[in-house]
Amino acid sequence: MMLSRLQCRRFHNLFDPLMRYANGRLGVVDEERLYAQEPFGIDAEALSEVAQAVWQNTDVIADFVRENPAELVDGELAVVASWQEAPTKLFIADVFPDGAIKLMTHGLAFEVCGATSDIETILDELPAAVLTTLLPFDGQIVFAEYLVTGLVDIEDELIPVFEQEIERLYDEGTIARSSDDLMQAANALRASAASDNDLAQTPQDLHGADDGCGCEHHHAHAHDDDAAGVFAAQGYEARFAALGSDADYGQHCGVLAGLTFEEREQAIDDHMMRDDDELAERLVDLLETECSQGPIAHGLSELLAKEDPVDARRFATYLGLEGVRAMRDDELFDAIIEHIADEGAVHDIVAELSEPHMKALRDLAEQGGTKTVSSSSISTLKGLPNHEVGLSYVFRDGDEFVFVMPDEVIEIVRAFDWDVLLDRARAYRELISLVDSLAELRGIVPIWDAINEYRRCYPNGIQSEEMILKLLIQAIAEEYANFQLLKTESFEMYVLHYMLFWAYQEETDREDAPSFVEPVASGELSEMLKDLLARQQGIEPRPLSPEMLEARSLYDWKMRLEPAWAFCQYLDEHVPDIRDDYYFSERAIEGLIEEAQWGLPDDGAQRLFAILEANDFVPQVDQVQEVLDLWSNLCDGLPTWPNNGWSTDELVQMRHGAATNGAINSNGKVGRNDLCPCGSGLKYKKCCGK
């Protein structure tokens with residue numbers, strides 16, 4: 001789990017100045033080394049070393065807040081000040097029954113977010129001993145930009161004890177998920193410090209061979225038997241440390257085996273909704289983070305006074321108000337009220353909301369600006385008005401949530417033509433969904449190809465090229481899109497699938513560049529992207545079909561194709577005994593489909609088994625060939641990026657029609673080591689099968 005792109009930027013606007021200031025005070029690393037990566041941001045490894053030192057010397061945080069060298073506003077300083085109380089502990093990291101990795105110590109579990117890396121991508125093996133600091137930020141728990149880890153050797157006979165403890169904590173809900181939960185837990189952890197020896201080893205003592213990755217710096221370390229005993233007492237399920245015998249990986253026929261696609265989808269939906277209480281609890285927790293404090297108010301002035309000044313200033317900046325930074329809080333609120341009093345200003349704000357949020361606001365206005373919902377009924381609602389500065393607020397009143405629209409805003413929005421607004425929101429959704437599908441289908445798409453494809457599919461949609469570009473950029477900024485825009489110095493612009501963009505960032509070694517936190521990234525095409533475009537050259541781009549557009553996503557459309565469905569059914573029939581029947585196949589097949597977007601690579605078998613083993617599926621000897629055949633069919637039968645959205649099988653059929661020669665077998669498949677049907681004289685895998 002990670003912070004959103006905008007949250008990450010806000011986090012580092014606080015975290016990085018603190019680290020620079022602390023390094024100046026503590027002298028942890030050379031200044032030259034700290035800024036070695038400029039202008040692309042602070043060096044990741046140096047950052048982690050400074051961070052470790054800061055939470056060994058928290059007085060430096062108080063000095064930073066007092067001196068405020070970064071000129072932060074009051075609300076931002078309050079966040080940094082709260083970090084003085086953040087717990088630095090040795091935790092155990094492992095997977096809980098909900099599939100998420102959590103950190104645990106002293107009978108408490110913590111659901112954490114990474115700022116720039118997901119903890120799941122950092123830890124190679126589980127369970128792991130993790131030394132880090134947990135920070136409250138934006139209502140969530142963020143692990144500081146360092147992670148010192150160690151593997152734990154757990155005796156097999158203790159596994160039932162660990163499993164029982166995990167189940168107990170999970171069932172009792174002893175899991176800290178919010179900033180408030182963290183700070184309450186921090187008090188309990190400090191109270192237990194007298195009997196706690198898990199900080200007896202300093203971060204430097206824990207360092208082993210450097211194996212850093214991203215900003216979250218981590219090291220491998222083997223703990224002694226005494227340390228392992230401490231971790232065992234905290235009750236974490238042991239994971240497989242290495243592949244064992246076939247008996248270690250028993251399989252069974254899952255409950256989804258034999259169902260049709262529609263029956264299977266319905267069974268999964270029913271399973272996910274089986275526990276309405278749990279769903280309601282999660283929604284209640286989410287709403288709690290948005291609740292305004294104090295008695296319920298209805299006037300805009302009273303409601304704005306309940307806002308966090310930091311959020312109010314950001315909202316004022318979004319509105320385009322001038323001199324926001326220099327305004328006192330009361331002046332700021334007066335300026336916002338004056339601006340919102342204008343019908344056009346409110347209309348512009350509402351027009352940029354998502355379709356569900358817009359409908360929720362419309363319904364709230366039609367009900368007189370107040371809507372009361374009991375906590376137990378939350379999960380039955382189709383849509384709720386999110387907290388939107390100036391437009392809607394939520395209060396907790398006993399067992400009920402009260403949603404409020406300011407009186408001044410109600411009078412304005414009642415005059416809106418909601419049908420027109422919702423038509424625009426629908427067109428926005430269609431545009432973003434189409435470009436998402438196009439990026440998923442082809443990987444990299446010139447921007448004008450994307451615009452022309454949108455116009456072909458939606459001839460009555462948004463006409464202005466300028467507006468289309470504006471909406472694409474808005475979707476990226478709001479993290480509503482699964483694509484990224486890349487602009488070159490020669491003013492070419494491309495749509496990139498988000499995974500391809502991440503690979504591009506890694507290849508160009510510019511992950512921390514300031515330009516990459518903006519909606520439109522700037523940079524020249526990398527060798528990988530040039531190669532992909534070259535492989536697409538001469539292949540007519542695959543158009544989006546009505547079936548693709550009508551599906552919930554292009555991934556759902558792919559799942560219905562025979563190669564993906566056949567592999568999914570096979571996995572449903574061979575569920576590992578330690579996996580959930582309803583989620584195992586979904587997670588495994590998602591990884592396989594993502595891998596197949598490049599076609600079948602030379603190391604395809606290694607990647608296949610790596611994905612399956614990550615999901616605890618280890619094929620037995622008599623299953624290997626069948627699994628390899630399913631994988632080959634998946635890679636050849638699904639659309640790939642190098643084929644410009646076509647599958648390899650489709651290209652062969654288009655190039656050679658229904659005619660067959662010795663290279664095409666009775667199933668219509670081309671053997672990868674057979675001569676290519678195109679007549680080149682090369683093996684298929686070295687020619688059209690690339």
Hey, does the side chain of N644 reach the backbone of E540 with a donor-acceptor pair shorter than 3.5 angstrom? no
Would F609 and F617 count as a close aromatic pair, with their ring centres under 6.0 Å? no
Could you tell me whether the side chain of E263 and the main chain of T260 form a donor-acceptor pair under 3.5 Å? yes
Only one of T488, L485, L472 clears side-chain contact (heavy atoms from CB on, under 4.5 Å) with M493; which? L485
Reported CZ-to-CG distance for the pair R442 and L438, which is rounded to 0.5 angstrom: 5.5 Å
Which pair of heavy atoms, one from V445 and one from A450, lies closest together, and at what distance? CG1-N, 3.9 Å
CG on N482 to CG on L496, rounded to 0.5 Å: 13.0 Å
D436 and S433 side chains, donor-acceptor separation under 3.5 Å: no
Between I444 and Q536, does a side-chain contact (heavy atoms from CB on, under 4.5 Å) hold up when you go through it step by step? CA-CA 10 Å; I444 181 170; Q536 292 178 344; 3.9 Å; yes
Under 3.5 Å, side chain of N452 to main-chain N/O of W448, donor-acceptor pair present? yes
Got more than 12 heavy atoms from elsewhere within 6.0 Å of CD, Q463? yes
Has R424 got a side-chain atom pairing as donor or acceptor with A351's backbone, closer than 3.5 angstrom? no
Might you work through the side-chain hydrogen bond (donor to acceptor under 3.5 Å, both in side chains) test for D581 and H271, ending with a clear yes or no? CA-CA 10 Å; D581 287 17; H271 179 74; over 6 Å; no
So do I451 and Y454 actually touch side chain to side chain, heavy atoms under 4.5 Å? no
Which atom names give the shortest non-hydrogen contact between M467 and I462, and what distance separates them? CG-CG2, 3.7 Å
Using the rule given for side-chain contact (heavy atoms from CB on, under 4.5 Å), can you reason through F501 versus Q505, listing the C-alpha separation, both sets of side-chain angles and the distance that settles it, and then say yes or no? CA-CA 6 Å; F501 179 69; Q505 287 180 287; 3.5 Å; yes
Please report the shortest heavy-atom distance between L256 and A267, naming the atom on each side. CD2-CB, 3.8 Å
Using a 4.5 Å cut-off on heavy atoms from C-beta on, say whether the side chain of Q625 contacts that of L628. yes
So, do Y570 and H574 have ring centers that fall under 6.0 Å from each other? yes
Hey, does the side chain of E650 reach the backbone of S647 with a donor-acceptor pair shorter than 3.5 angstrom? yes
Quick one: which of W641, F483, Y504, Y555 gives a ring pair (Phe, Tyr, Trp, His ring centres under 6.0 Å) with H497? W641
Got E440 and M548 here, is their nearest side-chain heavy-atom distance under 4.5 Å? no
How many angstroms lie between CE in M559 and CD1 in I593, if you round to the nearest 0.5 Å? 5.5 Å
Would you check, one step at a time, whether the test side-chain contact (heavy atoms from CB on, under 4.5 Å) holds for Q251 with V575? CA-CA 5 Å; Q251 301 170 2; V575 180; over 6 Å; no
Please assess L434 against L431 for the test side-chain contact (heavy atoms from CB on, under 4.5 Å), listing each intermediate value before the final yes or no. CA-CA 5 Å; L434 178 139; L431 170 65; 5.5 Å; no
Do the non-hydrogen side-chain atoms of L638 and T648 ever get within less than 4.5 Å of each other? no
Might you work through the salt bridge (Lys or Arg N to Asp or Glu O under 4.0 Å) test for E524 and K487, ending with a clear yes or no? CA-CA 8 Å; E524 291 305 300; K487 181 174 66 177; over 6 Å; no
CG/L549 to CG/L544 distance, rounded to the nearest 0.5 angstrom? 5.5 Å
Measure from the side-chain N and O atoms of Q484 to the backbone N and O of P519, and report whether any donor-acceptor pair falls under 3.5 Å. yes
Using modelled atom types and a 3.5 Å cut-off, is there a donor and acceptor pairing between side-chain atoms of N615 and backbone atoms of I611? yes
So, do D449 and Y494 sit near enough that their side-chain heavy atoms are less than 4.5 Å apart? no
Do the non-hydrogen side-chain atoms of R455 and E465 ever get within less than 4.5 Å of each other? yes
Quick one: do R426 and E430 satisfy salt bridge (Lys or Arg N to Asp or Glu O under 4.0 Å)? Show the steps, please. CA-CA 6 Å; R426 175 187 46 75; E430 291 172 345; 3.2 Å; yes
Verify the distance criterion only: is there a donor paired with an acceptor across the side chains of E492 and S490 at less than 3.5 Å? yes
Note: C635 and T640 closest approach over all heavy atoms is O-CG2, 3.8 Å
What are the two closest heavy atoms between C113 and Q140, and how far apart are they? SG-OE1, 3.1 Å
Test R456 against E453 for salt bridge (Lys or Arg N to Asp or Glu O under 4.0 Å), laying out the working first. CA-CA 5 Å; R456 183 188 70 82; E453 183 69 350; 2.8 Å; yes
Rounding to 0.5 Å, atoms CH2 (W418) and CE (M358) come to a distance of 7.0 Å
When you measure from the side chain of Q623 to the backbone of Q620, do you find a donor-acceptor pair of N or O atoms at a distance under 3.5 Å? yes
Donor-acceptor pair, Y480 side chain versus R429 backbone, under 3.5 Å? no
Is there a salt bridge (Lys or Arg N to Asp or Glu O under 4.0 Å) between R560 and E547 once you walk through the steps? CA-CA 11 Å; R560 290 177 178 265; E547 293 78 15; over 6 Å; no
To the nearest 0.5 Å, what is the distance between CD (Q597) and CG (N643)? 12.5 Å
For residues F584 and P576, determine if any side-chain heavy atom of one lies less than 4.5 Å from a side-chain heavy atom of the other. yes
If you define the side chain from C-beta out and look only at heavy atoms, does anything of V112 sit under 4.5 Å from V142? no
Do D270 and Q266 get their side chains close enough for a donor-acceptor pair, meaning under 3.5 Å? yes
Between P619 and L612 the two heavy atoms that sit nearest each other are CG-CD1, 4.3 Å
State yes or no: are the ring centers of W631 and F567 separated by less than 6.0 Å? no
Is a side-chain N or O of D580 found less than 3.5 angstrom from the main chain of Y582, in a donor-acceptor match? yes
